[in-house]
Amino acid sequence: MYDSNTIIKDLRVLTESFIPRRIIHRDGQINALRDNLKPLIDKEAPRNSFIYGPPGTGKTSMSQYVVDELKAYSPVLSVYINCWLYPSRFKILYSILQSLGQIFIHRKGTPTDELLDLLRQKMKNRSCVIVLDEADQLEDDKILYDLVETPGICIIMIANKETIFYDADPRIRSRLESMERIEFRPYSTNEILDILKDRAEWGLVPHVITPVQLNKIAEHSNGDARKAIGVLRAAAETAENQDSELITDTHIEKAIPKSVSINQTKTLESLNVHQKILYGIIKSSRQVPSSDLYQKYSAVCREKDLEPLVDRTIRNHLEKLQSYNLISVSGEGRWTVYSSV
DNA sequence: TGTCCACGGGAAAGAAAGGTGG
DNA sequence: CCACCTTTCTTTCCCGTGGACA
């Protein structure tokens, strides 16, 4: 009935990047973001949003959920940008234009302002929601000013800290301060429990894990849904690999220390360029088969004018990312699949 | 049954960091 | 401060391995 799987029904549901069909315990934030975007439906000017909160509080999932919802009601365009991968003004504009289907040759020396003009031209009589995720990583804050000053563009900025760009240009600062702020607090243990129940219901075979066990995972997560889902997934995979019929307490205990990373942001900062690229690719496309990864990696390197490292070295870096618990690896040999934790 | 192809161990080359003595 | 040697970490090259697939 579930193939040979005894534990996992749908692995995708157990990944952090999976966008659930309903978002729980974020009603206030969802409504706030909806209100900000709502004017777009009547072709009026929307409000920009600044979303902040610690990792694993649902910022990215919720934004994507609301944007998807909006697109069902209105012919608005949307672009998602991970600023970790595209931190510069040029890269962001280039990547926006690319996602909007603007194809042009990347000749060296294209002035950044030219890209901005192109974008502004394209935005005439259209509107577009731009999600800037990991905005802490932005190298140049002028891009924010550019985007805010472009009619038709609505920004959703996502960051960990509220105080981002505290020392920015006063013009930009006043713009940022006028953005609608939406705070994401860490989830309570009970809220995490609800999320886990939801994921377990859709992702696991019925009755392989008990509510008490889920509660144990929730208590250990410190309000970080990403961590909690990671533990659930690791425990389920261990159980599955051992051909067990149930997830045992031992499976969970084994999974907990694996996913307790001291401080994820600290770890991320310690990565080198290549590791960041790899992590960015794996994180933004929820799952990457090994056969695609190296190609994608080389492509990003070329965009960044970087000489790609040789494939064996990449495998070394992937091993490191895995040991830092930033990515998880499933499958074997040629059929290895990398996914974000 | 042979081909394909990413994996991962190991050696060796290269690069960066650390130490020492003039 | 510099020149030179040593150590440590990173990257590359080489290659055997094993599972899917035709």
Side-chain angles (χ1 to χ4, degrees), chain A residues 1-18 82-88 91 106 108 134 136-137 139 203-205 229-245 251 254-255 257-341:
Chain A
M1 180 170 186
Y2 298 116
D3 298 0
S4 59
N5 292 358
T6 54
I7 303 284
I8 296 170
K9 188 162 71 179
D10 187 351
L11 188 62
R12 285 173 307 140
V13 180
L14 302 180
T15 59
E16 179 251 326
S17 52
F18 176 79
N82 186 335
C83 298
W84 194 305
L85 246 69
Y86 304 100
S88 73
K91 287 278 145 72
H106 181 349
K108 270 230 164 95
E134 316 258 4
D136 318 65
Q137 301 296 324
E139 278 165 10
L204 298 181
V205 171
I229 292 168
V231 172
L232 178 62
R233 179 203 161 116
E237 284 183 329
T238 316
E240 178 93 51
N241 287 338
Q242 294 178 355
D243 284 327
S244 173
E245 285 178 10
H251 293 145
K254 253 184 91 184
K258 265 206 264 174
S259 65
V260 179
S261 60
I262 327 99
N263 180 348
Q264 208 183 20
T265 30
K266 269 267 165 61
T267 325
L268 291 174
E269 277 163 22
S270 72
L271 302 179
N272 70 29
V273 216
H274 299 279
Q275 292 167 334
K276 281 183 186 176
I277 292 174
L278 288 167
Y279 178 68
I281 293 170
I282 294 169
K283 203 183 164 197
S284 56
S285 46
R286 47 202 67 173
Q287 285 192 325
V288 189
S290 56
S291 45
D292 295 355
L293 185 58
Y294 189 70
Q295 280 187 358
K296 288 188 178 175
Y297 159 77
S298 329
V300 175
C301 280
R302 275 195 298 277
E303 273 177 49
K304 288 174 175 282
D305 271 327
L306 257 169
E307 195 63 31
L309 297 175
V310 110
D311 62 338
R312 182 65 185 86
T313 309
I314 292 315
R315 267 179 257 133
N316 286 339
H317 285 316
L318 287 168
E319 204 176 356
K320 188 145 276 175
L321 290 181
Q322 195 190 354
S323 75
Y324 288 159
N325 206 41
L326 294 170
I327 62 170
S328 65
V329 180
S330 55
E332 261 181 21
R334 272 167 72 187
W335 293 266
T336 306
V337 174
Y338 300 94
S339 42
S340 55
V341 174

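For the numbers below, each heavy atom of this structure counts, side chains included, while hydrogens, waters and symmetry mates do not. Worth saying up front: this structure is predicted, and the values here are computed from it rather than measured. Within every chain, numbering begins at 1; the chains are lettered A, B, ... in the order of the sequence lines, protein sequences first and strands thereafter.
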Self-check item: Whole-Å gap separating P (B/dG9) and CG (A/Asn316)
Solution: 9 Å

Quiz item: Salt bridge check: are A/Glu237 and A/Arg233 linked by an N-O gap of less than 4.0 Å?
Solution: yes

Practice problem: Give the C-alpha distance, both sets of side-chain angles, the deciding distance and a yes or no for side chain to side chain contact (heavy atoms under 4.5 Å, CB included) between A/Tyr324 and A/Leu271. | Solution: CA-CA 10 Å; A/Tyr324 288 159; A/Leu271 302 179; 3.9 Å; yes

Self-check item: Neighbour count above 12 (heavy atom, 6.0 Å) for A/Gln242 CD
Solution: yes

Self-check item: Listed partners of A/Arg334 passing side chain to side chain contact (heavy atoms under 4.5 Å, CB included), at least two apart
Solution: none

Practice problem: Establish, with yes or no, whether the OP1 or OP2 oxygen of B/dA6 is under 4.0 angstrom from a side-chain nitrogen or oxygen of A/Tyr338. | Solution: no

Quiz item: Roughly how many Å is it from CD1 in A/Ile314 to P in C/dT12, rounded to a whole number?
Solution: 8 Å

Practice problem: Have a look at A/His317 and say if it touches a base, only the backbone sugar-phosphate, or nothing, with a 4.0 Å heavy-atom cut-off. | Solution: sugar-phosphate

Self-check item: A/Arg315 side-chain N/O to B/dG8 phosphate OP1/OP2 under 4.0 Å
Solution: no

Quiz item: Of all residues at least two apart in sequence or in a different chain, which pass the side chain to side chain contact (heavy atoms under 4.5 Å, CB included) check with A/Val337?
Solution: A/Gln287, A/Ser330

Quiz item: Tell me: CZ of A/Arg312 to C1' of B/dG8, nearest whole Å?
Solution: 5 Å

Quiz item: Quick one: A/Glu332 CD to C/dA20 C1', roughly how many Å, whole number?
Solution: 12 Å

Quiz item: Base, sugar-phosphate, or nothing: which does A/Thr313 touch, judged by heavy atoms less than 4.0 Å apart?
Solution: base

Quiz item: What's the CG-C1' distance between A/Asn272 and C/dC9, to the nearest Å?
Solution: 12 Å

Quiz item: Can you tell me how far P of B/dC4 sits from CH2 of A/Trp335, to the nearest Å?
Solution: 13 Å

Quiz item: Does anything in residues 282-295 of chain A reach DNA chain C, meaning a heavy atom under 4.0 Å, and if so which residues?
Solution: none

Quiz item: What is the distance from atom CD of A/Glu245 to atom CD of A/Glu240, rounded to the nearest 0.5 Å?
Solution: 11.5 Å

Practice problem: For the side chain of A/Lys320, starting at C-beta, report the closest nucleotide among C/dT11, C/dG18, C/dT10. | Solution: C/dT10

Practice problem: Provide, to the nearest angstrom, the distance between the CG atom belonging to A/Leu321 and the P atom belonging to B/dC7. | Solution: 13 Å

Practice problem: May I have the distance from A/Leu278 (atom CG) to C/dT11 (atom P), rounded to whole angstrom? | Solution: 11 Å

